[in-house]
Amino acid sequence: MSTDKKLRSYDWFGKSDKMGFVHRSWLRNQGYPDDYFQGRPVIGICNTWSELTPCNGHLRDFAEVVKRGVIEAGGFPLEFPVTSLGETIMRPTTMLFRNLAAMDTEESIRANPLDGIVLLTGCDKTTPSTLMGACSVDLPTIVVPGGPMLNGRYKGECVGSGSFNWLIKEKQKVALYSDADIHAMEIGAARSQGHCMTMGTASTMACMVEALGLTLPGAAAIPAVDSRKKVMAQLSGRRIVEMVKEDLTLSKILTRKAFENAIVVNAAVGGSTNFIIHLLAIAGRLGVELNLDDFDAIGSKIPLLLNLKPSGKYLMEDFYYAGGLPVVLKEMQQYLHNEVMTVNGRPIGENSGEAACYNDDVIATVDKPIQNESGIAVLRGNLCEQGAIIKPSAASPELMKHRGRAVVFETIEDYHQRIDDPDLDIDETCVIVLKGVGPKGYPGMPEVGNVDLPEKILRKGIRDMVRISDGRMSGTAAGTVVLHVSPESAVGGTLALVQDGDMIELDVENRRLHLDISEQELQDRRAAWVPPAPMATRGYVKLYIDHVQQAHLGADLDVLRGGSGSEVTRDLH
Ligand code: FES
């Protein structure tokens, strides 16, 4: 299929007037021959490379490989940088800047003479942010996920990035590891270029874009340093040129059914809870109807097929050797909309038709899954009028129904100050309540929901307690952790009104989260509630606080929902 539609870039390079001269002439300083300006599709390679984003540190090389493919297919590649978000480095949290990066991506695409886009992504926020921005422009777009690191290794043991950090944090408290041990782990957990190699948020995002049909088949699991990753990048460069000719835009691929597929696949792979907030934001950019309850209705009864850390045994490298995501897609065909179109021009069901599993201990079958039910449970109740979430597969079965006394921390700093105080009145039956870590309250909704247990409880050998917050949780973490409570405490949600000693009831099976105080008491507390002082009075952070939406809507800025298309009505004069 090809269309005779005029290339968008023609409006820049095809003109014979003064501005056509200007557009071409300055670009020629990089040495492009005449034919580059004469009808070649111009492909923007949107690169989140940054030395400050370690997981994306190899993407400069990848851009060159993508360019090879674009040129082979007759396109004109132009690489451009966008805001990159390094999860392990940026303060106070990359989530504060996801929408900024999305805005940067959107405007960079729209303002330039681009016909098609390749998104080079990797670390947690770099995939959703660039995709959100690209959706608001809606050009033909393909994603090249940068790939996971090789498996972490330490003293003969396979260690997952992120997951092991939590273990170290806990075990440090009971002094099982020496400083030398931890130093060795620090190196052993990051053996190659690439993003976290557990089924954390970056791997989840890579699976998400493949399940949405936005990558070439099999792209998600290939390790960053495997030569086949570069082959995938080159082929993606070739393919985007054809996509421009076919006018295969994002909105033609990202239908409601594609989002439903992504929810099914995320449950089957045991993906991160961050998937929810990012998928909601992406759908919001396209005007696709998707809400929090869809994640429970579509995903919560899906069998878990992947035996990957943080909850399982293996890592992304093993997943790739076992056959990668196409095996999951093939196995899940009975749950998927197999007719949904993908970037290679074929339906997703056809793409996975040939997939073969090479290790069923890594990728299980629907008939014999790792767990019968995976996915996300969406909770409701007076403590979360707009919803909250929990990942049952990462939680302790014995805590899924629990009534406990609240121990409240007003901020994350308050938590750090008091959690290990020997005099803190807390035991393992209590519920840890953390406020002030939502989108507006922190601001930026950090991954702190899985706060550590008090040292005195860890010393008893106890590893899990019910924890509730308006924040997020790292995809590499686990526990009976209720997250994304909406409305958040900073805007006066019921979470703001919880006090030490209140009883809280969690009932995951019945999807209930309840603060057990009288309606009158609740009203009195609400009337007496004083909003916190604004966390910023200027700059991007003020803009963010003023416009960010609540977690159940995807925490995008209200002014960024929807799209403005690719047209720019005013010329450069
Ligand atoms: Fe970048 Fe985990 S820190 S993917």
Side-chain angles (χ1 to χ4, degrees), residues 47-60 62 82-98 101 119-131 143-152 158-169 185-210 215 219-226 229 266 269-275 277-278 308-311 314-317 319-320 325 394 444-450 472-478:
N47 202 342
T48 54
W49 166 84
S50 167
E51 288 177 341
L52 289 167
T53 305
C55 308
N56 297 19
H58 58 305
L59 296 183
R60 285 302 309 281
F62 272 38
V82 288
T83 305
S84 192
L85 306 172
E87 200 67 25
T88 53
I89 293 194
M90 289 185 88
R91 294 178 179 174
T93 170
T94 51
M95 187 62 183
L96 177 60
F97 306 111
R98 183 200 64 176
L119 301 178
L120 288 184
T121 73
C123 198
D124 294 15
K125 307 298 182 302
T126 59
T127 304
S129 63
T130 52
L131 184 54
V143 184
V144 177
M149 291 186 270
L150 296 176
N151 288 356
C158 220
V159 294
S161 45
S163 297
F164 209 61
N165 299 353
W166 309 121
L167 198 63
I168 291 169
K169 273 169 78 180
M185 289 173 205
E186 187 175 306
I187 300 167
R191 290 174 49 232
S192 77
Q193 294 172 322
H195 60 67
C196 290
M197 82 303 269
T198 50
M199 186 46 75
T201 303
S203 301
T204 299
M205 290 295 100
C207 290
M208 176 189 80
V209 286
E210 185 167 341
T215 71
I222 309 175
V225 295
D226 192 303
K229 195 80 190 188
N266 189 62
V269 301
S272 154
T273 49
N274 287 320
F275 166 83
I277 209 150
H278 297 319
L308 256 58
K309 292 178 191 291
S311 48
Y314 296 100
L315 292 166
M316 287 295 283
E317 192 182 338
F319 181 32
Y320 177 55
L325 199 70
M445 205 180 174
E447 292 181 334
V448 295
N450 54 305
R472 295 179 301 118
M473 172 170 87
S474 164
T476 59

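Quantities reported herein were computed from a predicted structural model and do not represent experimental measurements. When a ligand or atom number is given, it counts from 1 through the structure's own listing order.
Taken from CD in Glu447 to OG1 in Thr93, the straight-line distance is 6.5 Å, to the nearest 0.5 Å.
Backbone or side-chain N, O or S atoms of Cys123 reach atom 1 (Fe) of ligand 1 at under 2.8 Å.
Proximity to Glu87 (heavy-atom distance under 4.0 Å) selects the following atoms of ligand 1: 3 (S). Listed by number with element, the atoms of ligand 1 under 4.0 angstrom from any heavy atom of Ala202 are 4 (S). If you number the atoms of ligand 1 from 1 as listed, the ones under 4.0 Å from a heavy atom of His195 come out as 4 (S). Ligand 1 places these atoms under 4.0 Å from at least one heavy atom of Thr88: 3 (S). For ligand 1, the atoms closer than 4.0 angstrom to any heavy atom of Cys55 are 1 (Fe), 3 (S), 4 (S).
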Q: Check the pair Asn151 / Met197 against side chain to side chain contact (heavy atoms under 4.5 Å, CB included), numbers first and verdict last.
A: CA-CA 6 Å; Asn151 288 356; Met197 82 303 269; 4.3 Å; yes
Q: Kindly determine whether Val269 and Leu308 satisfy side chain to side chain contact (heavy atoms under 4.5 Å, CB included), including the steps that lead there.
A: CA-CA 8 Å; Val269 301; Leu308 256 58; over 6 Å; no
(Q) Asp226 vs Tyr320, test: side chain to side chain contact (heavy atoms under 4.5 Å, CB included). Steps then yes/no. (A) CA-CA 10 Å; Asp226 192 303; Tyr320 177 55; 3.6 Å; yes
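There is no side-chain donor-acceptor pair under 3.5 Å between Ser50 and Ser84.
Here the options are Thr201, Thr204, Asn266, the test is side-chain hydrogen bond (donor to acceptor under 3.5 Å, both in side chains), and the partner is Ser272; only Thr201 passes.
Taking atom 2 (Fe) of ligand 1 as the reference point, the nearest protein heavy-atom neighbour is Cys196 SG, 2.1 Å.
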